[in-house]
Amino acid sequence: MTVRPLHDRILLKRIEEKESVKGGIIIPDTAKEKPQEGEVIAVGHGKKTEDGKVIPLDVKAGDRILFGKYSGTEIRISDEDYLILREEEVLGVIEAAKHAASGGKK
């Protein structure tokens, strides 16, 4: 089954943080905070203005984004957990540093 978000909505999958144990203490899953980073799976066509124009979204499938802790609605598709939210709930897009790809040279 596939889901196509409508209008200015974004379908994403949370990116789980690597589990690290500090000081030998293991934090159970129920005590962990949900990650606020995700990978965009699909996006809608854009937001419609009052005069009928469609404003395309700034994010696209494959982008890594940051979003608020309580943003969006959790959904389950084919035993996978996803989050669907509006573009206005996106805090930012994570971009790879351009100077890192060139070996640190500007």
Side-chain angles (χ1 to χ4, degrees):
M1 175 179 12
T2 60
V3 174
R4 182 178 52 89
L6 298 177
H7 308 294
D8 66 335
R9 289 184 176 82
I10 300 166
L11 179 70
L12 64 94
K13 186 171 180 84
R14 289 183 192 266
I15 296 174
E16 300 292 331
E17 295 178 15
K18 304 284 187 230
E19 182 163 339
S20 59
V21 179
K22 294 185 180 183
I25 299 173
I26 299 173
I27 301 171
D29 288 341
T30 55
K32 290 181 186 174
E33 288 193 22
K34 291 183 179 178
Q36 293 173 267
E37 184 179 330
E39 180 181 353
V40 176
I41 304 300
V43 297
H45 291 294
K47 187 172 187 170
K48 278 193 177 176
T49 61
E50 290 180 13
D51 60 353
K53 284 185 174 179
V54 175
I55 302 170
L57 302 181
D58 289 332
V59 299
K60 61 188 178 310
D63 282 349
R64 288 178 69 146
I65 61 170
L66 296 173
F67 51 91
K69 189 180 288 190
Y70 303 106
S71 298
T73 302
E74 294 181 356
I75 60 172
R76 190 164 185 88
I77 304 167
S78 303
D79 294 331
E80 295 277 342
D81 291 323
Y82 295 94
L83 191 67
I84 193 160
L85 50 89
R86 291 186 176 273
E87 185 184 35
E88 63 194 26
E89 295 178 282
V90 174
L91 303 175
V93 177
I94 300 171
E95 297 177 348
K98 293 183 183 186
H99 71 277
S102 62
K105 298 178 185 175
K106 290 186 180 182

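Residue numbers count from 1 along this sequence. All values derive from a computational prediction rather than experimental measurement.
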Measure the [atom1]-[atom2] distance between [X] and [Y] for me, rounded to the nearest 0.5 Å.
X	Y	atom1	atom2	value
Tyr82	Arg76	OH	CZ	10.0 Å
Asp81	Arg14	CG	CZ	9.0 Å
Leu11	Ile41	CG	CD1	6.5 Å
Thr73	Leu83	OG1	CG	7.0 Å

### Message
Restricting to salt bridge (Lys or Arg N to Asp or Glu O under 4.0 Å), what partner residues turn up for Lys48, sequence neighbours left out?
### Response
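Applying salt bridge (Lys or Arg N to Asp or Glu O under 4.0 Å) to Lys48 gives none.
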Residues two or more places apart in sequence or in another chain: which of them pass side-chain contact (heavy atoms from CB on, under 4.5 Å) with [X]?
X	answer
Ala61	none
Val90	Ile10, Ile65, Leu85
Leu66	Glu37, Leu91, Ile94

### Message
I need the minimum non-hydrogen distance between Val3 and Ala42, along with the two atoms involved.
### Response
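Heavy atoms only, the tightest pair is O-CB, 4.1 Å.
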Taking only residues two or more places apart in sequence, or in another chain, which ones meet [X] in a side chain to side chain donor-acceptor pair (under 3.5 Å)?
X	value
Asp58	none
Glu80	Lys13
Lys47	none
Asp51	Thr49

### Residues clustered with Leu6, ILVMFWY side-chain links under 4.5 angstrom
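Taking Ile, Leu, Val, Met, Phe, Trp and Tyr as members, Leu6 stands alone, with no cluster partners.
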### Residues clustering with Ile55 (ILVMFWY side chains joined when closer than 4.5 Å, directly or via others)
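None, because no other hydrophobic side chain comes under 4.5 Å of this residue.
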### Pairs touching residues 83-93 that satisfy side chain to side chain donor-acceptor pair (under 3.5 Å), sequence neighbours left out
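Qualifying pairs: Asp8-Arg86.
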### Query
In terms of hydrophobic clusters joined by side-chain contacts under 4.5 Å, are Val54 and Leu57 together?
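In one cluster: no.
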